[in-house]
> 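Here it is, the structure, as structure tokens.
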Amino acid sequence: MSQQANRSTLFTPFNVIAGLIVIMGLILTVIRFTKGLDATTNLSDYNPWGLWIGFDLLVGVALAAGGYVTSAAVYIFGMKRYHSAVRPAILTAFLGYALVVFALNYDVGRPWRLPYPFFVSQGTTSLLFEVGACVALYLSVLFIEFSPAAMEWLGLKKARNLVVKLTMVLTILGVILSTLHQSSLGALFLIAPSKLHPLWYSSYLPIFFFVTSTIAGLSMVIFESTLSHHFLHDKMDEAHLAGNKGLALGFGKAAAWVLAGYFVIKTIGVAADNNWHYLGTGYGAWFLVEMLGFVALPAFMYAVGVRDRNIKIIRWTAAWTVLGIVVNRFNISMVAFNYHLPSSERYFPHWMEIGISVFIVTVGILVFRFICTRMPILYEHPDYESH
Amino acid sequence: MSISRRKFLGWMGAASLTSAVGTSARAASNHEFKGYEDSMAVLHDITRCIGCRKCEGACNTVNDLPKPEKPFDDLTVLEEKRRTTAKAYTVVNQFGGQAPTFVKKQCNHCQEPACASACFVKAFTKTPEGAVVYNEKVCVGCRYCMIACPFEIPAYEYDEPFTPRIMKCTMCYPRITKGLLPGCVEACPTEALVFGKRQALLKVARQRIADYPDRYVDHIYGEKEMGGTNWLYLTSKPYGEVGMREDLGNTPAPKLTKGALGAVPMVVGLWPVLLTGIYAINKRKEKIAAEEQHAAVDEAVAQTNAEAEAKLAAAMEKAAQNQEAAVAREVKKALEEAAKAAAEAEAAKDEKGSDAPDGTSEDA
Amino acid sequence: METIHTLQEFMLHTKNIIYILMILALVGMTAFWKFLSGGDED
Amino acid sequence: MQGIGKMGIKKIYPFGMGILLCGVFVLAAVWTAAAAVPPAEALALGRADLIVIDGLKSFGPLERPPVPFYHDKHTDAMVKQNKDCSACHETVKDKLSRKFKRVQDNSKTAVMDVYHDQCIGCHKERKSANKAGGPVTCGECHIKDAMLRSTWQAITLDKSLHYRHVKANEKKCETCHHEFNPQTKALYYTKGDEGACLYCHKKKTEENRISNRLASHQACIACHRQLAAKDKDAGPAQCSGCHDPRQQALLEKIADPPRMERNQPDAVLVKTGLKGGNPEPVTNRMRPVPFDHRAHEGYNNSCRQCHHADLKSCATCHTVQGDEEGRQVKLAQAMHQNDARNSCVGCHKQQQAEPACAGCHSSIVKGRSLTSEAACKTCHMNIPVENPYPDESSAESKSMAADLLAARKPVVETVPVDQIPETVTIQSLTHDYEAVALPHRKIVLKLAAGVKDNRLAAYFHDAPTTLCQGCHHNSPATVKPPQCGSCHGRSSEALNLTRPGLMAAYHQQCIQCHDKMGLEKPVSRECTTCHAKRK
């Protein structure tokens, strides 16, 4: 993709590695769609969902929450000072969701039937229906929200201005849809109380998932802006470069506060089902690692970073929190799921599954770079300076 | 697609119509659904099972599934613990070494099937006959049903790249609708499996427990589990010891997700109100702020002008007593000052004015 | 419309309707907000 | 572009991939850890002398976990140091206090100090003298949920053991048996009023009577020790001696000890308990039941099997109408309650679990206490006597009981062998397998052999053909019963769920009987062990 962009630096180490990953990805794709899941995954009748759901779907959607969080902050809560963060966030979200849908094609048995739930046979009692509907709608919403950038790039003034008029509606719609499917992803597991370890199973699962999604969103925006700051420095205008610090502080503060709240409701979750005694077990230890290491700790580190204006701490905490989200989603979808089965029946991903996931992430990074190097994401387009 | 869209619309019509007319399912929140009264069921009396695997064989033939590598009269298979797979709708497991107990495992045909509740294309249907049947014509292969099933029954054709199906016992739906017995029941030499109306079989089970109190555990597995199943079990050993989970609870699967699903329309209804409200409030705040700024500026301007005039007046008076030369100089000076002040004020005003549109430009 | 025997069927029926209502609601609310704030907004 | 290229390789790893990878590793580690099953907690080898010291419970909840204490270990240790029980137990009027180093529990602190000072003191002493000692720190004694298994098992003074004591004490019953005079607060003894200790000494100490536990430990151990002191052969004085199952197994058993001498009857009419309320008119009373007391003494290993509260006749408490002295259990119940251990029917039912009987009886519905009218007559013998209801205490009644018992004839003969079909070939079901030739006669003879010497069976199997009904159930007792097929259809049609089809009927009947009788055949559950595969 980016190859033809700049011939002189075609064979930078980054490009070479990315290229290799992409090639591997394509080969694995062929295997997946000719030999089936059996040949490419460790999925079994006991473990029907693996890495492609646990990471590509659950983590993917969570980390793409930056879109609605930022746009809500700026347009609904009127925090204009973060305006420069909206477009990158929207773009990340858009790519995130696009890749989620892309990844789903690998996981489901008959990808071409993915529209069936909406057009052929509506299983409205299923939370997966609800998730599907929201993701589909939100993906289109994100596309529209993102389109102005593309239009500015292509110079479609009229269309661009028209879409910009819709910003408010789209934002609110985006928040609604996100609220729904972010929480419903957690609600997916409500139907299997006998399979998910009591420490992670809770009737509050949907709420937990929604709250964590906002945490993920806030942290991801910081994380992503940090990366852009590092690698796309030359693509950023003063507003973005300047905004970067304020963003980290503002979003860091928010993240810390939400994490604190999350810690509280998680504790209440344990109390609600009286699961205290499980804390003594092996799973309990791991649960505590998640709670203290990936919730309490980042909450504190964020706070520290915000108090003494230490951007470095905030950025590393953001990265750590993002990892925390990964851990949480992995726990629910894989580690604590089927806890009752003997270890011989437990699931661990096949290298090809990991390969595909890495491939998809790489594609994401490449597309992100491709767009940022061309469209007005990290800078404001001269013709559309706001005044 | 066109057909399907027509379907969709038709369904919309039907739905809205019925909702208008009011359907027969007038269910208050405390209403309990009893399932189909005359649904059929199978009673599996574990104490009678001799582990001959005839049921497995029959199941394999009537559903023409691939032949297994070990034949069905090879009982060594029983030694390792098995589950249902895409190639075997039912398996018999052995528990305990001396005087072992044998337990048949297959789809329990829940009265409120978790698979059906979980499926986002309605691929599973609970038929009035009691069977839970699967329709591969719509299945997308998401395998959520396998996640949902508390008995870990549905299996998936992982080796099938293009048309993978979910595979599970159908209670021999095609056969029972023809008035035949399910394959396994017909083949069972000891009637460890008995096929009949669920209500009747429950009576039979209770009677057996009453007649032979020291042979049976006083519990019919499947009467209440997960809201009740159409496959019922009797046993002499505790169910936990013969590989059946006793911690599933009696909540029917749809109830587990009812709350979450119920929250969805509330969000759709209230979020717009909430968010737009917040937005409007912020907008209002900005408006007021902007107006206050304007007011302040005007005042400032007025003030400076006033001062200028005062100065001018004073100067005139002075001039009256002084000679022209001095007068002329004074007046000139004063006028300049006034003009300057006014200009500043104007400048300030412009600045503010230019700020106002910023930011708000997007929100229309 | 034949009687509903299972909670599953009941939820299917009600959710079908609710999903349609939700779509209508989203459209309707937007329109109504426009109408409501028709005066002061530009 | 340059940016990405040059800095990419430098920076992208610490950030993007680095974080993902380390995440994966952390997970992988925990994953496997979480999946692994926790190690099974090690169980200490069971001992019978495990005592849990939790005496402070009487002063409110315990602050620390109770202390597991091995009594015999300490006894042995004392012996080694040639100390005796007095090293730990005070003596109050020539009886050892069962409490440790004290006579009664005065106050919490007092009791606590006794243990702390004495136990730890002694253990420390031993240590300083560097001899084998015990724990001295809190945690070593107060073990939280200690995984210790006690093999303690109550010991019953059965006929054999009782007789050994009778012999050893030259029939001086008063050595053990006594009664209590509340006025004089003294123990005394009256010949012929002996009873089991448990009749008076109950589980818990009551007014004027110490608990059975206390009583037996005081009396038995004291006596055993005295004998030991005079180095006569004495019973055990240590916990395991009486309470360890392995030790109990080693106790000498007297094959059939002579009857106990408590002037009990040989034969007796079960009294109908006229106490409380008028007797029903003579005409519709059940015939009195002659009871072979002597024989039943032989069947049971202790009087308490039937005489659960005292040695009086059943009807004294269990009157016809019921009486609070008998907890309102009516005479009929006391005799017929089929799930009670002490009732006639209940006890007889238990006998049916014997492998020889279970083959048939396990498939007979338990619900009703009696299976046939004939069964009633077996006990309530309906043979003409001039006065069926003699006065209970009269000699007449005694003789009548004897006569009736003499008249009651066990049915020992079975259907003559030549009338038992040699083999029965089951043709009707040949499908996958050849017809089965049932070794019919062999089976009948096997059943007969099983109950040959069983008097209970001999009395209740009231006809030679009763055995046949084990398989030919629900059909008249005859040597030519109707075919199985006449009731059992070809397969279970949904119409009749309660009656198995023919194939099922056969399999259930055969297999269940083989299981319950614990027969070595069939050697395997392969169908072909009974059925020849059809060509």
Side-chain angles (χ1 to χ4, degrees), chain B residues 38 40-43 45 47-54 57-58 71-78 92 94 98-102 176 179-182 185-216 232 236, chain D residues 338-339 346 349-350 352-353 355 358 361-368 371 426 429 431-433 436 473 488-520 522-531 533-534:
Chain B
D38 292 346
M40 306 304 283
V42 175
L43 171 62
D45 187 331
T47 65
R48 290 182 179 184
C49 182
I50 56 171
C52 65
R53 300 188 65 211
K54 288 268 180 265
F72 286 104
D73 52 14
D74 177 351
L75 301 187
T76 60
V77 175
L78 294 168
V92 175
Q94 179 178 337
Q98 275 322 73
T101 309
F102 300 94
I176 62 178
L180 296 163
L181 289 170
V185 174
E186 192 179 67
C188 182
T190 63
E191 281 176 34
L193 299 168
V194 183
F195 179 79
K197 287 210 165 73
R198 187 170 188 270
Q199 293 310 330
L201 285 178
L202 281 171
K203 286 203 193 72
V204 172
R206 292 202 192 91
Q207 191 53 52
R208 285 190 195 169
I209 293 173
D211 286 350
Y212 305 105
D214 40 16
R215 186 190 301 173
Y216 293 107
L232 306 165
S236 52
Chain D
N338 66 3
D339 55 4
K349 287 269 182 199
Q350 287 187 334
Q352 297 173 349
H361 281 281
S362 65
S363 57
I364 296 171
V365 172
K366 283 277 178 300
R368 283 165 288 115
T371 42
I426 302 164
L429 290 171
H431 184 273
D432 301 352
Y433 301 94
V436 181
H473 58 116
H488 296 283
R490 287 197 62 85
S491 81
S492 98
E493 59 282 14
L495 305 170
N496 188 347
L497 294 169
T498 47
R499 179 181 300 168
L502 188 54
M503 179 166 56
Y506 281 127
H507 282 105
Q508 283 175 25
Q509 196 78 274
C510 302
I511 291 167
Q512 191 179 65
C513 185
H514 277 246
D515 281 351
K516 295 292 175 191
M517 293 186 74
L519 303 177
E520 65 286 350
V523 287
S524 101
R525 288 179 178 274
E526 303 274 352
C527 303
T528 47
T529 46
C530 300
H531 310 272
K533 200 124 186 70
R534 198 166 194 193

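Atoms considered below: every heavy atom in the structure, side chains included; atoms not considered: hydrogens, waters and symmetry mates. Residue numbers start from 1 in every chain, and the chains themselves are labelled A, B, ... in the order their sequence lines are given, proteins ahead of strands.
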> Distance check, rounded to the nearest 0.5 Å: B/Asp45 atom CG versus D/Gln508 atom CD?
8.0 Å
> Does B/Glu191 use its side chain to pair, donor to acceptor, with the backbone of D/Gly501 at less than 3.5 Å?
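Between the backbone of D/Gly501 and the side chain of B/Glu191 there is a qualifying donor-acceptor contact (under 3.5 Å).
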> If you measure from CG on D/Leu497 to CD on B/Gln207, what distance do you get to the nearest 0.5 Å?
12.5 Å
> Heavy atom to heavy atom, less than 4.5 Å: which residues from residues 509-516 of chain D reach chain B?
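Under the 4.5 Å heavy-atom cut-off, D/Ile511, D/Gln512 qualify.
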> With a 4.5 angstrom heavy-atom cut-off, is it the side chain or the backbone of B/Asp74 that approaches chain D, or both, or neither?
neither
> Go through the atoms of D/Ser362 and report whether side chain, backbone, both or neither lie under 4.5 Å from a heavy atom of chain B.
backbone
> Nearest 0.5 angstrom please: B/Ile50 CD1 to D/His507 NE2, how far?
5.5 Å
> Give, as side chain, backbone, both or neither, the part of B/Arg53 having an atom under 4.5 angstrom from any heavy atom of chain D.
neither
> Counting only non-hydrogen atoms closer than 4.5 Å, does B/Lys203 touch chain D with its backbone (N, CA, C, O), its side chain (CB onward), both, or neither?
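When you check distances to chain D, no heavy atom of B/Lys203 falls under 4.5 Å.
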> Measure the spacing between CG of B/Leu75 and CD of D/Glu526 and express it to the nearest 0.5 Å.
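These two atoms lie 4.0 Å from each other.
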